[in-house]
Amino acid sequence: MIILMNMIEDEQSLSKFQKLYNQYKNIMYWVAYDICKNEQDAEDIVEEAFIKVIKILYKIVEDEIDTIRCKNLMITIAKNTAIDFIRKREHEMISTEVVEIEKENKSAEDICIDIENYRELVFCIGLLEEKYRDILRLKILYELNSKEIASILNISEANVNMRFMRAKRMLKEKLEECKNE
Amino acid sequence: MSDDLEKRKSEYLLKLALEEQLEEEDKLCCNIENKKNIDSKEKMLHTFSKRHEKRMKRVLKKAKKVEKKGSYCGYQQKYFQLVAGVSLFLCVGIVTVTNVEAFRVPILCFFEEMKENYLLLKIDNNKTNIVSEKFQSYVPMYTPEDYVIIDVQESEKNFCIKYENSKNKNVYLYYYWEQMGTIKINTEGAIVDEIELNGNKAYIIQNEDEIRIHINKELERIYLNGRLSYEEALKVMESVEGMK
């Protein structure tokens, strides 16, 4: 009986991807269209973006498809896929991406956060550059690994780790600036 | 507070902060759109081309496979957990039960009884210990191919062994009596033959596919009865060491 119930439950969960597609195809299309300015290209970008979504499908909880978190993830994937699409179309080599090198040979510094600094932290996250905000969200909020993030952002794994370290450092600097003010 | 705990606290707060900032950003966007009275592109539905719909069907199929695999793995994992749980329960149960003498003794007696009553004996020409020592020399050393011993009955002065062919289920019985008086044999419609085997007189009665062989040595008698070829039956009776 238990086995049967489990199998029934699995039948229902098979439509998770379909739900995602139906929910976000439109917004992803417009995000892609804003970047590439071409209808057909935008549709191709949407298709490519959803292929990427398949790889991280296990991370998406079906009950959370309607949340802002999921929406932001889909938009991030669509946006980065569109940027990469434009680069390829204009024959830009992906290896010309900026390889972020840390000047100091330190491991990632951990940010010490107290509850008193919480409101400043939220504010400082908003001040970060979009690419650093995205990497923090993908790594911490969506708990994706470096390989998955590299696939979404179309950068190397090494660059993912470097960008994440830099994002944390910049956030820490902004937080200290806020405290001093 | 320890460093590890401090680190975890910071990570948790960062996660909350990211989530809150995301929600604030989303609210801000909605407010701007409302103020400017702009219809969010989100609300403007785009009609996707048939080409896109066709290609997305393939993507959907791929996604279904991935989801199915994931759910199967999850189901498999649950199944393995269930099996592991049941196995653990059985192991613990068996260990507990066998450690308690009140349970152990009756269980062992039960299995002993089963072994005595129902065990299927295998043919082994070298072993005659299917009967007690005093009868062992009267057990045939030869057993025809595909025949196995399926039953042994023994009393103080005689024993009987039942053989069965594992392929065609033919059966023959072998008897030994320590002391046997005169008996009458029904030979109606049968072919009767009298020969000498191992220095003893042997009476062979054949009736269609059934054979009976009686051999006497003083008061001792061995007797074979069943479905067996003439040659094989003779080989069986010749192999009885005790009658040589």
Side-chain angles (χ1 to χ4, degrees), chain A residues 2-3 6-7 9-11 13-18 20-21 24-27 29-31 33-34 39-40 42-44 46-48 50-51 53-55 57-58 67-69 71-72 110-115 117-126 128 133 136-137 139-141 143 168 171, chain B residues 1 3-4 6-30 40-79 81-82:
Chain A
I2 295 166
I3 295 166
N6 282 341
M7 286 175 81
E9 193 190 306
D10 290 339
E11 279 295 314
S13 72
L14 283 175
S15 60
K16 183 166 70 173
F17 184 82
Q18 183 77 56
L20 273 168
Y21 178 68
Y24 295 112
K25 64 180 178 182
N26 213 46
I27 190 171
Y29 170 81
W30 288 114
V31 164
Y33 185 82
D34 270 346
E39 275 187 21
Q40 197 168 320
E43 285 184 356
D44 291 346
V46 167
E47 184 194 332
E48 221 174 291
F50 273 105
I51 291 172
V53 166
I54 292 174
K55 292 177 191 171
L57 203 57
Y58 71 101
T67 61
I68 296 166
R69 187 199 274 206
K71 178 182 167 185
N72 178 261
D110 295 320
I111 309 166
C112 288
I113 304 162
D114 290 319
I115 290 171
N117 306 331
Y118 180 76
R119 286 263 44 103
E120 286 98 349
L121 179 65
V122 174
F123 177 70
C124 290
I125 289 169
L128 286 174
R133 207 164 46 241
L136 285 174
R137 284 172 184 166
K139 196 87 172 169
I140 296 170
L141 207 54
E143 294 173 355
K168 282 169 83 176
L171 184 61
Chain B
M1 208 184 275
D3 286 342
D4 190 48
E6 194 67 45
K7 190 183 169 185
R8 274 195 225 169
K9 191 189 95 176
S10 299
E11 281 173 5
Y12 179 69
L13 285 171
L14 181 57
K15 194 172 180 178
L16 280 179
L18 282 164
E19 185 117 35
E20 192 170 324
Q21 194 277 331
L22 186 62
E23 284 173 14
E24 281 180 10
E25 201 176 275
D26 190 66
K27 269 184 206 168
L28 195 66
C29 287
C30 289
S40 160
K41 281 182 178 169
E42 198 177 321
K43 294 169 191 168
M44 285 163 57
L45 292 171
H46 167 75
T47 311
F48 286 88
S49 62
K50 282 185 182 170
R51 174 180 163 270
H52 172 83
E53 297 291 342
K54 198 177 171 183
R55 285 165 72 149
M56 279 310 294
K57 273 184 186 169
R58 271 184 251 148
V59 175
L60 282 161
K61 267 187 194 169
K62 190 179 170 183
K64 269 189 182 174
K65 278 184 195 168
V66 167
E67 280 188 81
K68 215 174 184 178
K69 190 181 173 185
S71 65
Y72 174 70
C73 287
Y75 164 69
Q76 208 176 30
Q77 200 178 17
K78 282 179 193 171
Y79 175 75
Q81 282 173 353
L82 185 70

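Computation of the quantities below employed the complete heavy-atom set of this structure, encompassing side-chain atoms and omitting hydrogens, waters and symmetry-equivalent molecules. So that the names make sense, note that chain A is the first sequence line, chain B the second, and so on, each numbered from 1. Being a predicted model, the structure only gives us computed values, none of them experimental.
- Contacts of B:His46 classified as ring-ring contact (aromatic ring centres under 6.0 Å, His included), with partners at least two apart in sequence or in another chain: A:Tyr29, B:Phe48.
- The two residues B:Thr47 and A:Glu43 have their closest heavy-atom pair at O-OE2, 4.1 Å.
- Expressed to the nearest 0.5 Å, how far CD of B:Glu19 lies from CD1 of A:Ile140 amounts to 12.0 Å.
- Residue contact with chain B, scored on non-hydrogen atoms closer than 4.5 Å, involves the side chain of A:Leu57 exclusively.
- One finds the CD atom of A:Glu47 at 7.0 Å from the NE2 atom of B:His52 (value rounded to the nearest 0.5 Å).
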Q | side-chain contact (heavy atoms from CB on, under 4.5 Å) assessment of A:Asp44 paired with B:Arg51 | A | CA-CA 10 Å; A:Asp44 291 346; B:Arg51 174 180 163 270; 3.2 Å; yes
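- You'll find the side chain of B:Met56 stays beyond 4.5 Å of the side chain of A:Lys25, heavy atoms only.
- Of the atoms belonging to B:Glu25, it is side-chain heavy atoms, and not backbone ones, that fall under 4.5 Å from chain A.
- Residue A:Lys55 does not touch chain B at all, counting heavy-atom pairs closer than 4.5 Å.
- Checked for salt-bridge contact, B:Glu24 and A:Arg119 meet the test: a charged N lies under 4.0 Å from a carboxylate O.
- The nearest pair of heavy atoms linking B:Leu14 to A:Leu171 is CD1-CD2, 3.6 Å.
- Of the atoms belonging to A:Glu143, it is side-chain heavy atoms, and not backbone ones, that fall under 4.5 Å from chain B.
- The structure places CD of B:Glu67 at 14.5 Å from OH of A:Tyr58, a figure rounded to the nearest 0.5 Å.
- The ring-ring contact (aromatic ring centres under 6.0 Å, His included) test applied to A:Tyr21 returns A:Phe50, not counting sequence neighbours.
- Shown here for A:Leu141 and B:Leu22, the closest heavy-atom pair between the two residues is CD2-CD2, 4.0 Å.
- Side-chain atoms of B:Glu20 never come within 3.5 Å of backbone atoms of A:Val122 as a donor-acceptor pair (strictly under, hydrogens ignored).
- Heavy-atom minimum distance, A:Phe17 versus B:Leu60: CD2-CD2, 3.4 Å.
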